[in-house]
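Predicted, not measured: the structure shown is a model, and the values here were computed from it. Throughout, residue positions are numbered sequentially from 1 according to the sequence presented.
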Amino acid sequence: MAAMCSIIGYVGEKNLGQVLLDGLSRMEYRGYDSAGISGLKDGKFVLLKRLGRVKNLADAVDSSMNLGNVGIGHTRWATHGKVSVRNAHPQISCNGIFSIVHNGVIENYESIKKYLVKQGYKFSSDTDTEVLVNLIEYHYNKEREPKNKFLTSVQKALLHVVGTYGIAVLSKDNPDEIVVARKSSPLLIGVGDGEMFVASDACAIVTHTKNVVYLNDGELARITRSDIFITTMKNKEVNAIKCELDWQTEDVSLKGYEHFMLKEICEQPQSLENAMRGRFSDDMSTSKFGGLQLSPHELRQIDRILFCACGTAWHACLVAEYFIEKYARIPVEVEYSSEFRYRNMPLEKNTLVFIVSQSGETLDSLAALQEAKRKGYKTLAITNVVGSTIARESEGGIYQHSGPEIGVAASKTFTAQICIAAMLALYFGRLHDMSFDEGAAFVQALLQLPEKVAQVLEKKDEIRLIAEKYAHYEDMLFLGRQSMFPIALEGALKLKEISYIHAEGYPAAEMKHGLIALVSEKCPCLFLATQKDILGKTVSNIREVKARNARVVAIVSEEDATSFGYIDDVIAIPDVHDAIRPIVATIPLQLFAYYIAKIRGCDIDKPRNLAKSVTVE
Ligand code: G6P
């Protein structure tokens, strides 16, 4: 089985090995533990698989090696069947007719395997993928009609499958074709000049072509160098609709930065500007969104908003809750997607459901979306990936326009989600009771955001020096009140994810009810003490931990910085409007985690055990 993996495929004149390896290395950020490619040369599959990084595989491929003109490649993140070369993909069918790469999980593979074993099929791996490729071969051998035999056999096999899949298949009898299919696992086709690409993520092919065709769930395609034929599982022919990727080649390169995460942190003035571009009304008193698919009248009827998300996106939703309740006075609920899907939550009739997902592919968030739709609620998505499954399955939504995020730990996409949340609060606020003047002030604050973020980024070296003092600790607490509480959660998550230091985020006052038992000279605390109205309260909490010998670093507003002389380390950020403060306060936490991870020698862009998009439950 393969779950959070990547697929690449190519048919054309270019050096096949290079195209496949380059594609796989561009998707490395997604997380995996083995990699493999297969080409078709003189009627035989050339198969290469290695454990560990794509580099190990690349070392095994001589650049002069001719792998043929059609091939597929894969990185596997093991779920069932341990990490081993024989379980890595591609998997070849029993009689050597087909080679397959597969993302997803075939849930009924055991019963199919039993049947195939009875039919004489032999298995040499523990994967469900090998079961699928043998099932394809089984149907192929039964198929009488020679026309479309390859595609038809794949289709017949998939009709027996329960589960999820994105697959790319080669057939030794059809040396100019790749057959692909998808169900709940992303797959797109890149259209070149006399060449075609297949990928599970656009970043794998953006250096070759920007013309793509997204495959929908339940569709199969036969791809040759010059042609794409798409059909459904029910044999309905589908027109291939070409879209243009709005990504640049440099979006997927390091551009001189040591890590993608640092590059993406530093890109935030730009990504925030992109999130806001074209989204303010002409009179600059409110925001506007092109893709909500609901009229202002319908939106005014909304009396509750539910946000569902996972991970970092869930933290962005918590900020959205503060914003929308404060500025628009609409009750908001935030739920983990994985909880919502099984919780059977009672909701008011006029509830609007937002699914927030950077990748647009997180399985739990997709399932939450489907559950909300099934119950008849209006669903909208906030996502960064155009054409992603969540974007396509929701009724409308808002794209983040952050550009590709390669670092596994989200940074620029988190702040873009908060920025969109602030714009939504403004929009809903202005539909209700927010005055023109308040709206105009809100817009002006948002417009200042890129510049304010740039100011904090200039403090990089100062933050690096502070990080040096904290890199040796093994525990750390992050504390904040109100909208700074989710930022504390996110600061702790960033530190955990990339430096492997145990960290917890907490509402500052709640600390007294348990967490304070951990506070000691071995457990420093980071406070977000930026809000004037509750500053005194946060200061009391700081004193409580100082009294217990904890080292304290505080993020404070520039204007208050001098009053924090008693604190070990202070990072001052510009004093800004409440609606943009959570974003400005996030920047030092991202840099703090980044530099600590760097000092500790961690693999920052590809942290252990984590994947960029999680397509398993
Ligand atoms: C994974 C990633 C996180 C991300 C979460 C949700 O756990 O490592 O960085 O926040 O998935 O991803 P999504 O694409 O749905 O925002």
Side-chain angles (χ1 to χ4, degrees), residues 275 279 286-341 343-358 360 362 364-384 390-391 393-400 414 416-434 438-439 442 446 482-483 485-486 489 578-579 582-583:
R279 287 182 168 158
T286 187
S287 42
K288 59 176 189 186
F289 301 97
L292 294 184
Q293 312 296 348
L294 291 165
S295 67
H297 175 74
E298 286 170 305
L299 288 164
R300 240 199 97 87
Q301 311 304 312
I302 300 297
D303 45 30
R304 182 171 290 270
I305 299 178
L306 170 71
F307 284 90
C308 287
C310 307
T312 287
W314 185 77
H315 295 159
C317 295
L318 292 180
V319 182
E321 178 178 16
Y322 281 99
F323 282 167
I324 294 175
E325 293 196 341
K326 174 169 174 172
Y327 295 107
R329 311 294 304 154
I330 300 173
V332 173
E333 223 149 312
V334 179
E335 184 54 289
Y336 288 111
S337 301
S338 53
E339 289 296 311
F340 173 76
R341 61 184 292 197
R343 195 175 144 188
N344 199 18
M345 202 171 175
L347 292 169
E348 280 91 343
K349 191 160 118 252
N350 289 326
T351 299
L352 174 62
V353 179
F354 271 101
I355 306 292
V356 184
S357 170
Q358 183 285 128
T362 302
D364 279 322
S365 292
L366 176 61
L369 167 67
Q370 289 164 343
E371 172 66 2
K373 273 173 76 174
R374 189 189 64 74
K375 287 189 158 185
Y377 293 106
K378 292 263 177 220
T379 56
L380 297 174
I382 297 175
T383 175
N384 190 35
I390 289 174
E393 289 206 11
S394 52
E395 288 153 82
I398 305 169
Y399 280 122
Q400 299 180 212
F414 174 64
Q417 284 163 353
I418 303 180
C419 181
I420 289 168
M423 287 192 289
L424 272 176
L426 168 64
Y427 182 77
F428 279 108
R430 292 284 288 127
L431 281 184
H432 292 271
D433 298 329
M434 190 190 284
E438 278 175 285
F442 201 123
L446 283 168
Q482 305 284 299
S483 62
F485 162 53
L489 289 175
D578 281 349
I583 297 177

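Residues Q293 and E395 come closest through the heavy atom pair CG-O, 3.0 Å. The heavy-atom pair separating G429 from A328 by the smallest distance is N-CB, 3.5 Å. V319 approaches S483 most closely through the heavy-atom pair CG2-O, 4.4 Å. Residues G439 and R430 come closest through the heavy atom pair CA-CD, 3.9 Å. Taking every heavy atom of both residues into account, A391 and Y399 meet most closely at CB-OH, 3.3 Å. Pairing each heavy atom of M423 with each of S287, the nearest pair is O-OG, 2.6 Å.
For the atom pair CD1 of I382 and SG of C317, the computed distance is 7.0 Å after rounding to the nearest 0.5 Å. Atom SG of C310 sits about 5.0 Å away from atom CG of D364, to the nearest 0.5 Å. From D303, atom CG reaches atom CG of L352 across 10.5 Å, with rounding to the nearest 0.5 Å. Here the CG atom belonging to L299 is positioned 9.5 Å from the CG atom belonging to L424, to the nearest 0.5 angstrom. In this structure, E333 CD and C308 SG are separated by 9.5 Å, a value rounded to the nearest 0.5 Å. Here CG of L426 is found 11.0 Å from CD1 of I324. Values are rounded to the nearest 0.5 Å.
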Chi angles and distances behind the side chain to side chain contact (heavy atoms under 4.5 Å, CB included) call for E321, F307: CA-CA 8 Å; E321 178 178 16; F307 284 90; 5.8 Å; no

Derivation and outcome, side chain to side chain contact (heavy atoms under 4.5 Å, CB included), residues V332 and F323: CA-CA 10 Å; V332 173; F323 282 167; over 6 Å; no

query: Taking it one step at a time, do I420 and V356 satisfy side chain to side chain contact (heavy atoms under 4.5 Å, CB included)?
result: CA-CA 11 Å; I420 289 168; V356 184; over 6 Å; no

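Of the possible polar contacts, one joining the Q301 side chain to the H297 backbone as a donor-acceptor pair under 3.5 Å is found. A donor-acceptor pair under 3.5 Å is formed between the side chain of K373 and the backbone N or O of E393. Side chain of Y377 to main chain of L306: no donor-acceptor pair is present (N/O by atom type, distance under 3.5 Å, no hydrogens or angles). The backbone N or O of Q358 sits less than 3.5 Å from a side-chain atom of T383, completing a donor-acceptor pair. Without hydrogens or angle criteria, E298 side chain to S295 main chain gives a donor-acceptor distance under 3.5 Å.
The side chain to side chain donor-acceptor pair (under 3.5 Å) search around E339 returns none, not counting sequence neighbours. For the side chain to side chain donor-acceptor pair (under 3.5 Å) test, residues two or more places apart in sequence or in another chain that qualify with K375 are N344.
Side-chain contact between F442 and M434 is present, with at least one heavy-atom pair separated by less than 4.5 Å. Using a 4.5 Å heavy-atom cutoff, the side chains of I355 and S394 are not in contact. Within the 4.5 Å cutoff, the side chain of P486 has heavy atoms near those of the Y322 side chain. F340 has its side chain within reach of E371: a pair of non-hydrogen atoms, C-beta onward, lies under 4.5 Å apart. Looking only at side-chain heavy atoms (C-beta outward), L431 and I302 stay at 4.5 Å or farther from each other. Using a 4.5 Å cut-off on side-chain heavy atoms (C-beta onward), K326 and D578 make contact.
In this structure, F289 and Y427 have perpendicular ring planes: the angle between them is above 60°, well past the 30° mark. The aromatic rings of W314 and Y336 lie parallel to each other, their planes meeting at an angle below 30°, with 60° marking the opposite boundary.
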